[in-house]
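Read through the structure below, which is laid out as structure tokens, and then see the notes.
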Amino acid sequence: MTIVTRFAPSPTGRLHVGNLRTAILNWLFAKAQGGRFLLRLDDTDAARSEEAFVAAIRDDLAWLGLSPDGEERQSARLADYERRFEALVAAGRLYPAYETPEELDLRRKILLGRGLPPIYDRAALKLSDNDRAALEAEGRRPHWRFRLDHDAPIAWDDAIRGPQRFDPAAIGDPVVRRADGSWLYLLPSVIDDIDMAITHVVRGEDHVSNTAVQTQMFAAFDAAPPVFAHAALLTGSEGKLSKRLGSLGTDHFRDVGIEPQALIALLARIGTSDPVEPIADPALLAQAFDFARFGRAPARFDEAELAALNARIVHQLDHVAVADRLPPAMGADAWEAVRPNLSTVAEAADWWHVIEGPVETPEIEDADYLAQAAKVAAEIDWSADPWHALTGALKEATGRKGKALFLPLRLALTGHAHGPDMAALLPLIGRDRAIARLQAAGG
Ligand code: GLU
């Protein structure tokens, strides 16, 4: 059996970090199993779905490097839904209901006032043909509800949450189609999951109650349900569901210099019993992916943790992976020299400017030493390891060591008290620029 997962966003807005996590978990599981990962656009809501969001979703997946093995759109499948709809109407599993939202609201309030759960009372099931004709004559058009089977207990073994049970009688029959003929998400999703042979539905735990009714929809179509895995929701670093998470998408992460591999490495592991590790190759994360590792406690998403992980990922990236984001003349040697000091790839350009100059030398009260260093720098062999040649000769000549030996040189040569390893940087700065900088600092 080929494992097939799907990421099923509604293109009614930009993806946020919670959606990105769902995409990543679906991709990782499919890859772990040698299966297929589909992008399914849940675009039955014509009024709110936009092509611009469809394009943005594709771009987000491309940026993450999660290329779908296929793409489906619900708006292209309306004829399939219609066919299945008629079959369920004929089987008595869908029924027309005529209440207005105001009427339903009033009934809910009455039930709540009596301390009862506000579930639909199935009044529409009691309508006679004549009643319905009369309502239609008034100009009312029905919406459609799925009749839950109260005698078929709802149960599934969730790959993350374990055994789940719901009493169908405690759930109201869900509306699946509106009076204008448009679809709500529940039923088309089940039809798609059947037709696309989805084996695993991986999504957030906010969908658990949808799954409860959807299991009966699979049964109504005589289809075996897929395996469900409902991941605990993300919370912000302060441990609460935060509004901020809903606003964080790929644009933000890209702007602050987060690499897609860092986001994947974090989102693959938070909420699991595995440690968050700087694993830059998502295929390695996929290898170790297992729903059994996921806990039921909310997964804490911490931007500071992401930034720290990002730095450790950046330190592993090859020049070819970043060249298009570096100053054009910055080669592999310069990238490798500065890479251990970076938090983001963009910072490499700052060090490239230090290498190329001009640098602004801070006031250094060590002019004689630096003048001497300029002279030594003119005499050493620059072909092998000029930093050790320079500091070795200066150590011998002055008796200095440690900070007194190194720091004035670093300041004069780079204009910074900290930075990449000077042994790697100095050959890139080169003889002429180095001598000029030491002379300038030497007064
Ligand atoms: N379109 C639904 C959503 O974005 C899909 C949920 C699902 O994965 O079935 O919430």
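Whatever order the structure lists ligands and atoms in, that order sets their numbers, starting from 1.
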- Message: Is the distance from the ring center of Phe289 to that of Phe294 below 6.0 Å?
- Response: yes
- Message: Can you report which non-hydrogen protein atom sits closest to atom 8 (O) of ligand 1, along with the distance?
- Response: Arg6 NH1, 2.7 Å
- Counting heavy atoms only, which of His207, Arg203, Arg40 comes nearest to atom 10 (O) of ligand 1? His207
- Query: Where do Arg93 and Gln216 land on the side-chain hydrogen bond (donor to acceptor under 3.5 Å, both in side chains) test, with the steps shown first?
  - Reply: CA-CA 10 Å; Arg93 291 308 295 273; Gln216 284 212 354; 3.3 Å; yes
- Among Leu187, Ile194, Val190, find the residue that satisfies the side chain to side chain contact (heavy atoms under 4.5 Å, CB included) test when tested with Arg84. Ile194
- Item | For atom 2 (C) of ligand 1, the option (of Ala8, Gly204, Pro188, Gly13) bearing the nearest heavy atom | Ala8
- Side chain, backbone, both or neither: which part of Tyr185 comes within less than 4.0 Å of ligand 1 when only heavy atoms are counted? side chain
- Item | Taking atom 1 (N) of ligand 1 as the reference point, the nearest protein heavy atom with its distance | Asp42 OD2, 2.6 Å
- Item | Near-ring test Phe253/Trp63, centroid separation under 6.0 angstrom | no
- Ring centres of His207 and Tyr185 under 6.0 Å apart? yes
